[in-house]
Engineer: 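Before anything else, here's the structure in question.
Bear in mind the structure is a predicted one, so any value in this text is a computation, not a measurement. Because only heavy atoms are used, hydrogens play no part in the values below, and waters and symmetry mates are left out as well, while side chains stay in. One-based numbering, in listed order, for ligands and for the atoms of each.
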Amino acid sequence: MATKVAMAVLLVSAALCAVRSAGVVTTGEPVVAGLSWGFYDTLCPPVEGIVRWHVAEALRRDIGIAAGLVRIFFHDCFPQGCDASVLLTGAQSEQNEIPNQTLRPSALKLIDDIRAAVHAACGPKVSCADITTLATRDAVVASGGPYFDVPLGRRDGTAPASSDKVGLLPAPFFTVPELIKSFKDRKLDKTDLVALSGAHTIGQGHCPSFSDRFDGSKPVMEPKLLQKLQAKCAKDTPPGTVAQELDVRTPNVFDNKYYFDLIARQGLFKSDQGLIDDGDTNRTAIRFSLNQPAFFDQFARSMVKMSQMDVLTGNAGEIRANCARPNARSSADILTAAGDDQGFAADA
Ligand code: HEM
Ligand SMILES: *[C@@H]1O[C@H](CO)[C@@H](O)[C@H](O)[C@H]1NC(C)=O
Ligand SMILES: CC(=O)N[C@H]1CO[C@H](CO)[C@@H](O)[C@@H]1O
């Protein structure tokens, strides 16, 4: 085991050097007390290498897992902070809420597989929330996006977020003013909105998420793509089985082509396409289309910002032994405990 880990770390440091020269974004210091860059330096030195190795392996099998990880991270952090609550399973879990019904099971499984490898190497020292954060960063890098350090030291929540909190996630049919408000309620600004939407440079959506575009309402879609999608979605039975790539130019590469799509009116969701028409967001979207380093820089900053919203640190929460279950409670308990809709993680 030790040699395997050492080998992984070696491989990974070599890979990291290559990546670092490609584009490293330095963001500000962690803003949350209890989070730090070197949190696991003595607790679990090989953690970053182990995570990176497993993510690389998984993406070799299925590049779509990169998008799966990035979306899981967003859905974990946005409702009540990055506490891995989205990974909990059970009848009252966040995964049963509508926005999570399209989270990729393969990416959810990968996170717990990595947790098992990390805990085998170091004991239960690293939270599922930090593993999710690291795996997401590595998925961005492996897809061609920027490398950025992420502050660590998050603890895992003990209960899923309530339906109300999951309901804070923005919907694909939101207008830009609605998106701006949704982000503002989570202390994310318009620049964060435009940059983080750029995550739609990878991954897929399903017909029910964009068929509202078919009635020709504003923001309008480029006619050829519109026609193609209408034909595609005519065969979407049962609904939600047909998938479409979010970035028609480079669907699996993390780059700034998403903003080219928007300029060509080939954004998939109304929430994407609107960004190029609205006076509050269009200049930033155009700037990112002209300047990939500027997009990478802002994306990294906005991800680090989102990664620190409302996190549990110190003795709050716990280090989950299984990312799908709170410690010392059976999944049967979750059903009753979370049933009162007070599914908040320790707000301590
Ligand atoms: C701005 C508001 C946002 C809206 C309305 C939105 C909505 C959506 C929807 C509806 C899907 C597809 C679901 C499906 O039909 O399968 C999706 C996919 C995705 N979203 Fe977003 N999203 C937003 C922001 C973000 C952010 C901030 C991130 C990450 C930083 C993100 C990352 C992704 C990724 C990577 C996918 C592809 C997932 C996959 O292929 O498995 N999104 N989003
Ligand atoms: C941005 O949108 C506003 C309002 O629709 C428009 O007046 C302006 O010309 C647009 N700017 C660019 C750079 O497209
Ligand atoms: C990934 C995942 O667990 N998705 C679940 C979301 O919710 C639906 C409906 O309850 C489940 O069928 C999915 O398995």
Side-chain angles (χ1 to χ4, degrees), residues 62-79 82 98-108 110 132-133 136-137 139-140 143 145 168-186 188 190-213 218-219 229 233 236 239-247 251-252 254 258-259 262-263 267-290 295 298-307 309:
D62 174 8
I63 188 65
I65 288 180
L69 288 170
V70 175
R71 185 158 188 246
I72 287 166
F73 175 75
F74 174 49
H75 283 225
D76 184 33
C77 299
F78 201 86
C82 319
I98 285 173
N100 285 327
Q101 292 179 2
T102 46
L103 295 180
R104 291 201 198 218
S106 52
L108 291 166
L110 174 65
T132 303
T133 306
T136 298
R137 187 272 313 277
V140 169
S143 304
L168 296 176
L169 281 163
F173 49 81
F174 272 17
T175 63
V176 172
E178 286 170 333
L179 291 169
I180 290 174
K181 179 174 186 309
S182 156
F183 271 57
K184 191 170 176 223
D185 288 346
R186 301 302 285 127
L188 295 167
K190 297 169 195 171
T191 310
D192 296 318
L193 168 64
V194 179
L196 291 172
S197 294
H200 290 173
T201 178
I202 55 174
Q204 302 179 330
H206 296 84
C207 295
S209 302
F210 56 85
S211 50
D212 61 318
R213 308 284 313 277
K218 287 186 175 171
L229 295 182
C233 292
D236 188 33
T241 46
V242 169
Q244 163 65 25
E245 48 215 21
L246 301 181
D247 170 11
N252 297 320
F254 197 102
Y258 163 84
Y259 300 100
L262 302 189
I263 292 170
L268 190 62
F269 305 136
K270 181 177 165 188
S271 60
D272 297 313
Q273 194 56 59
L275 298 174
I276 212 73
D277 291 333
D278 192 283
D280 274 331
T281 50
N282 60 359
R283 276 175 311 247
T284 309
I286 291 167
R287 181 161 63 88
F288 290 160
S289 77
L290 296 171
F295 164 50
Q298 186 58 53
F299 182 79
R301 287 171 193 279
S302 297
M303 286 291 274
V304 169
K305 187 171 173 184
M306 186 159 71
S307 85
M309 299 188 326

Engineer: With no hydrogens and no angle check, just 3.5 Å: does a side-chain donor-acceptor pair link Thr241 and Asp236?
Structural biologist: yes
Engineer: Would you call Ile202 and Leu246 a side-chain contact if the rule is heavy atoms closer than 4.5 Å?
Structural biologist: no
Engineer: Which ligand 1 atoms does Ser271 reach within 4.0 Å, using its non-hydrogen atoms?
Structural biologist: 5 (C)
Engineer: Of all the atoms in ligand 1, which lie at a distance below 4.0 Å from a heavy atom belonging to Gly203?
Structural biologist: 37 (C), 40 (O)
Engineer: Who's the nearest protein heavy-atom neighbour of atom 20 (N) of ligand 1, and how far?
Structural biologist: His200 NE2, 2.9 Å
Engineer: Below 4.0 angstrom from a heavy atom of Leu193, which ligand 1 atoms are there? Numbered from 1 as shown, please.
Structural biologist: 1 (C)
Engineer: I need the nearest protein heavy-atom contact for atom 13 (C) of ligand 2: residue, atom name and distance, please.
Structural biologist: Ile286 CD1, 3.7 Å
Engineer: Can you give me the closest heavy-atom contact between Ser143 and Ile63, atom names plus distance?
Structural biologist: OG-CD1, 4.4 Å
Engineer: Need the ligand 1 atom indices (1-based, order shown) with element for anything under 4.0 Å from a heavy-atom of Pro170.
Structural biologist: 2 (C), 3 (C), 5 (C)
Engineer: How about Met309 and Leu188: do any of their side-chain heavy atoms sit closer than 4.5 Å?
Structural biologist: yes
Engineer: Checking a contact table here: which protein heavy atom is nearest atom 24 (C) of ligand 1, and how many Å away?
Structural biologist: Phe74 CE2, 3.4 Å
Engineer: For atom 27 (C) of ligand 1, which of Asn252, Leu268, Leu196 has the closest heavy atom?
Structural biologist: Leu196
Engineer: Determine, considering heavy atoms only, which of Phe174, Phe183, Phe269 sits nearest to atom 11 (C) of ligand 1.
Structural biologist: Phe269
Engineer: Check this for me: does any side-chain nitrogen of one of Lys270 and Asp212 sit under 4.0 Å from a carboxylate oxygen of the other?
Structural biologist: no
Engineer: Given that the side chain starts at C-beta and the backbone is N, CA, C, O, which of these parts of Ala171 lies under 4.0 Å from ligand 1, counting heavy atoms, or is it both or neither?
Structural biologist: backbone
Engineer: Short N/O distance, under 3.5 Å, between Asp277 and ligand 2?
Structural biologist: yes
Engineer: Strictly under 6.0 Å, is that where the ring centroids of Phe254 and Phe299 end up?
Structural biologist: yes
Engineer: Look at the aromatic rings of Phe288 and Phe295 and report parallel, tilted or perpendicular, splitting at 30° and 60°.
Structural biologist: tilted
Engineer: Thr102 and Gln204: side chain to side chain contact (heavy atoms under 4.5 Å, CB included), yes or no, with the steps?
Structural biologist: CA-CA 10 Å; Thr102 46; Gln204 302 179 330; over 6 Å; no
Engineer: Give the intermediate values and the outcome of side chain to side chain contact (heavy atoms under 4.5 Å, CB included) for residues Leu275 and Leu262.
Structural biologist: CA-CA 8 Å; Leu275 298 174; Leu262 302 189; 4.2 Å; yes
Engineer: Taking the six-membered ring for Trp, are the ring centroids of Phe173 and Phe269 within less than 6.0 Å of each other?
Structural biologist: no
Engineer: What is the closest protein heavy atom to atom 16 (O) of ligand 1, and at what distance does it sit?
Structural biologist: His206 ND1, 2.6 Å
Engineer: Measure from atom 2 (O) of ligand 2 to the protein's non-hydrogen atoms and state whether any distance is below 4.0 Å.
Structural biologist: yes
Engineer: Given side chain to side chain contact (heavy atoms under 4.5 Å, CB included), test Ile286 with Ile276 step by step and report yes or no.
Structural biologist: CA-CA 8 Å; Ile286 291 167; Ile276 212 73; 4.0 Å; yes
Engineer: Please state which protein non-hydrogen atom is closest to atom 1 (C) of ligand 1 and give its distance, to 0.1 Å?
Structural biologist: Ser197 OG, 3.5 Å
Engineer: May I ask you to identify the nearest protein heavy atom to atom 15 (O) of ligand 1, giving residue, atom name and distance to one decimal place in Å?
Structural biologist: Ser209 OG, 2.5 Å
Engineer: Could you list which atoms of ligand 1 come closer than 4.0 Å to a heavy atom of Pro172?
Structural biologist: 5 (C), 10 (C)
Engineer: What do you reckon, does Asn282 have a nitrogen or oxygen under 3.5 Å from a nitrogen or oxygen of ligand 2?
Structural biologist: yes
Engineer: Return the option from Ala199, Gly64, Ala107 holding the heavy atom at the smallest distance from atom 28 (C) of ligand 1.
Structural biologist: Ala199
Engineer: Check each of Arg71, Arg104, Lys270 against atom 39 (C) of ligand 1 and report the one with the nearest heavy atom.
Structural biologist: Arg104
Engineer: State the OG1-CD1 distance between Thr281 and Ile180, to the nearest 0.5 angstrom.
Structural biologist: 6.0 Å
Engineer: At under 4.0 Å between heavy atoms, which part of Ala67 makes contact with ligand 1: side chain, backbone, both or neither?
Structural biologist: both
